[in-house]
Amino acid sequence: MGYVDLVIENKSRHTDDLFTYQTDRDLAPGTIVKVPFGRGKALKTGYVFRTGVTPAPELAGKIRSVAEVDPDLSMTEEMVETAAWMRQRYGITYVDAVHCFLPPKRGSARGKKKEPYKDAVGEIQEIHRLTEEQQQAVRRIGDAVRKRERKIFLLKGVTGSGKTEVYMQAIRRTLEEGRSVIILVPEIALTDQIIRRLIGRFGKQEIAVLHSRLTLRERYDEWNRLRSGEARIAIGARIGVFAPLPHIGLIIMDEEHESTYKSDQTPKYETVDVAAKRLMAENGVMILGSATPSVVSYQRAKEGIYELIEMNRRYNATPLPEVELVDMREELRAGNNGIFSSRLYQEMQRSLSAGKQIILFLNRRGYATFISCRSCGEAMKCPECGISLVYHKRENALICHYCGKKFPVPRVCPACGSREIRFAGRGTEQIEELVKQAFPDHPSARLDLDTAKNTREIRKLMTSFAKGRTEILIGTQLVAKGLDFRNVGLVGVLAADVSLNIPDYRSAERTFQLVTQVAGRAGRGEEQGRVIVQSYTPDNFALRAAARHDYEAFFREEILIRKLMQYPPFTDLIQVLFTSEEESLAVDTAGRCAAWLEKAKLPNARRILGPKPDPNFKGQNSYRHDILIKCPRGNRNQYIYYLRYFRQKLVEAGTACQITIDVNPYSMV
DNA sequence: AGCACGCCGACT
DNA sequence: GTCGGCGTGCTC
C-alpha cells in the first residue's frame, strides 16, 4: 500500500495544490485516475504527480483512496515534470499546465475517423550532394544526438542555404537512435512543403500533425498515434511542443524568430523554453533555425548558451539580391506623392518586359488605413478597441482590424457634421487597383487575409503565381514567408516605415527580419534578383543593414540600444495584468502590487512602470490595468515567486480582481 | 469550482 | 416549528 500526490481537475485557484491519496496499485507519475474529492459525490479526475509519498502527519485520518485508473489515457513522467515547471515559471495553475499535454477533450473520440494528410502525396526529393556547410552542420548535430548531449544549436543560414535538408538528415539520425522528433513551424498553413518532404522521406505512418485548426477528432487521433509510439515525428505550430512523445531526441524550431512562438493566451508560455525544459529531462538536442535570428537568441549564442552554426552560402550559388533603398522624401520633393517611386516604376517595367515576375509587399490590408475629418481632425476609431478603422472598398465598410467589427462608411463627420472626410494611408486593396491601372496588360493578384481566408485559397493564389498566370503579386506578410518561386526578378517593399513605426522595442528587429525575408523571395532561380525598399527614413540602421544583407551590423547596433534601454535580452519584461469589473479595484490592486514589490527589496525593483490601462484589452464589462517590470536577467524566477505570493494573498482574501502574469509579452505598446 | 453547512426570515 | 435564502469555508 502506498501514497501518491495528485493534481485535481478543478478550475479554481484555491485547489491549485497537490493532494495525497492512498492506493494499493503501482501507479506511475503521469497516470490519470478518478478520486473522491470534497463533499461532492461525483468522482473527480486526478493526475498523479508524485509516487512513493510519505503523507504529512497532519493529514492523518483525512486521506482517501484512488477509486479508478484510466486505462486509455496517461502522461509520461517527463510531461508532469514539465507541467510542474511551467506552473512555477509562468505563474499558472497545475491544471492549466496539464491541459497543454492532453488531447483537447475527453469524449472527443466520437465522430468519424479521419487522417489529416490521408491523400497527401510524399514528395521524393532527389538528394543532391550536400554542400560543405550542410555536411558540417549535419555532422555536429548528429554527433550531439548520438552522444546524448544537451545542446541547443542556433542554425543561422541565409535564405536558400538549405536548412530544411539539414533538418531532414538530423531527423534521420535521431530516429536511428530510437528516439523521437518534434518539428515546430510558425504557421502550419504555409508548411505544406515540409510536410510533403517528411512524408516522402519517412512515410506517412511516422508523422503526426498537431495544430489548433484540426477538428477535435483529428487532434485526438493524432495525439494517440504519438502517445502509442505509432508515429515518432510530430510536426505542428507552437502547441506541437507539447506532443506526447516519449524519448524525445530532437526538437526543431524553424524560423525561430517568429512571434507566433509566443503564446498570447493563458498559459502564456515561450515555446523555446518549454522545448528546452523537455529536452533537459531527455538529454535531447534542439535546432533553432533562421536566416535572421532573434536578437535574444543571437546574444545567447554569443554567450555560449547556444552553439552557433552558420551557413552563409546559397544552395544554388546565386548571389543574394541587390537591395536598393529609395528615399521617399525626395520623391515627394520631386512632386511624386504616389505609392511608386520613379525607381520602382522603372524597374517594374523593365522586369515585366524581361518576362520576370514581381512581388510587391505592403504590411497593411484594406483600401485606406486612416479615415479622418478634414475640418475637425476627428479620426474614425473602433468604439470598443480604440484602434483606427480601415476602409475596405469591396466590402464598402470601415473595419476594425482588431475585433473585426464592421461599420458603415460615414457621409458626414460624426463629431462636427462636416462633409470633408479624408481617406488617407494606402493599403493592399488600393495598391492592387493602382497596379491594375498602371499595368493593365499584366495580370496581377492580391494575397492577404481578405483575398485568402483559408489554406486552400492561399494555395490557389500561390499556384497561379507559380505557373506564371499572375505576373504581379501584391501582398502582406503572407508573401514574405517561405514562398519559393524561381521567376521572381523584382521585389518591392512599398513602405518599410509601417513596421518601423510600431511603438514596440522590437520594431527595428521586426523590420530587419521582414525586409530580409521579403528580399529573399527575389532571385531564387539562376539569375540574381533585385529588391527596392521605399522609406521615409532610409537612413535607419535596420534598413541599411538589411539592404547590405548584414545581420552582424544590425545586431551590433540593436544590442547597444537594448542594453542602454534595459530591454531583453538584458532584462525580462514582466507584464502583470489586473482585471476587474470595478475599474478602481483594478487600479488600486495594481498600485498596491507595484508598491509592495518595491518594498520587498527585490533587485532593481525601481524599474516598475505603471499602473496604466492596458491598451490591448477589450472587455465588455470589465477593466484591465497593468504594471510592467523590467526585471534584470537572472531574477525572473524570484519576481514570479513574489507575484504568485501576492496573488495567493488576494485569492485568500477573496478580492474580485484577477491577476495574470505575462513574461516578455507578444505585443507591447 | 462545487458542494454542504449554517444562521436568518416567512410559510403550511 | 421547518422550508429554503445564499454567505462562508473546505477539499488529501
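Just so it is clear: chains get the letters A, B, ... in the order the sequence lines come, proteins before strands, and each one is counted from 1. The basis for the numbers below is simple: all heavy atoms, side chains too, and nothing from hydrogens, waters or symmetry mates.
With sequence neighbours left out, A:Arg636 forms a side chain to side chain donor-acceptor pair (under 3.5 Å) with A:Glu270. Applying the side chain to side chain contact (heavy atoms under 4.5 Å, CB included) rule to A:Glu509 yields the partners A:Ser294, A:Val295, A:Arg506, A:Gln513, A:Phe554, A:Arg562; only residues at least two apart in sequence or on another chain are considered. For A:Phe37, the ring pair (Phe, Tyr, Trp, His ring centres under 6.0 Å) criterion is met by A:Phe19, not counting sequence neighbours. Residues passing the side chain to side chain contact (heavy atoms under 4.5 Å, CB included) test with A:Leu18, sequence neighbours excluded: A:Asp5, A:Val7, A:Phe49, A:Arg50, A:Tyr94. Residues satisfying the side chain to side chain contact (heavy atoms under 4.5 Å, CB included) test with A:Lys62, not counting sequence neighbours, are A:Leu59. Scored by the side chain to side chain donor-acceptor pair (under 3.5 Å) test, A:Thr476 finds no partners at all (sequence neighbours excluded). For A:Phe646, the ring pair (Phe, Tyr, Trp, His ring centres under 6.0 Å) partners two or more places apart in sequence, or in a different chain, are A:Trp596.
Note that the first and last nucleotides of DNA chain C, 5' to 3', having any atom under 4.0 angstrom from a heavy atom of chain A are C:dG9 to C:dC12. If you walk DNA chain B from 5' to 3' and mark each nucleotide with an atom closer than 4.0 Å to a heavy atom of chain A, the marks span B:dA1 to B:dA4.
Sequence order on DNA chain C of the closest nucleotides to A:Arg39 and A:Asp5 puts A:Arg39 first from the 5' end.
Within the structure, salt bridge (charged side-chain N to carboxylate O under 4.0 Å, His left out) contacts touching residues 577-591 of chain A (residues at least two apart or in different chains) do not occur.
Sorted by residue number, the members of residues 12-23 of chain A with any non-hydrogen atom under 4.0 Å from DNA chain B read A:Ser12, A:His14, A:Thr15.
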Got a list of side-chain donor-acceptor pairs under 3.5 Å for residues 229-251 of chain A, not counting sequence neighbours?
unit_1: A:Glu230; atom_1: OE2; unit_2: A:Gln205; atom_2: NE2; d: 3.1
unit_1: A:Glu230; atom_1: OE2; unit_2: A:Arg225; atom_2: NE; d: 3.3
unit_1: A:Arg232; atom_1: NE; unit_2: A:Glu206; atom_2: OE1; d: 3.4
unit_1: A:Arg232; atom_1: NE; unit_2: A:Glu206; atom_2: OE2; d: 3.3
unit_1: A:Arg232; atom_1: NH1; unit_2: A:Leu175; atom_2: O; d: 3.4
unit_1: A:Arg232; atom_1: NH2; unit_2: A:Glu206; atom_2: OE2; d: 2.9
unit_1: A:Arg238; atom_1: NH1; unit_2: A:Thr260; atom_2: O; d: 2.8
unit_1: A:Arg238; atom_1: NH1; unit_2: A:Lys262; atom_2: O; d: 3.3

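Residue A:Leu59 is classed as a base contact, given a heavy-atom separation below 4.0 Å to a base.
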| said: For A:Asp70 and A:Lys34: C-alpha separation, side-chain torsions, deciding distance, then whether salt bridge (Lys or Arg N to Asp or Glu O under 4.0 Å) applies. | reply: CA-CA 8 Å; A:Asp70 192 320; A:Lys34 293 276 186 203; over 6 Å; no

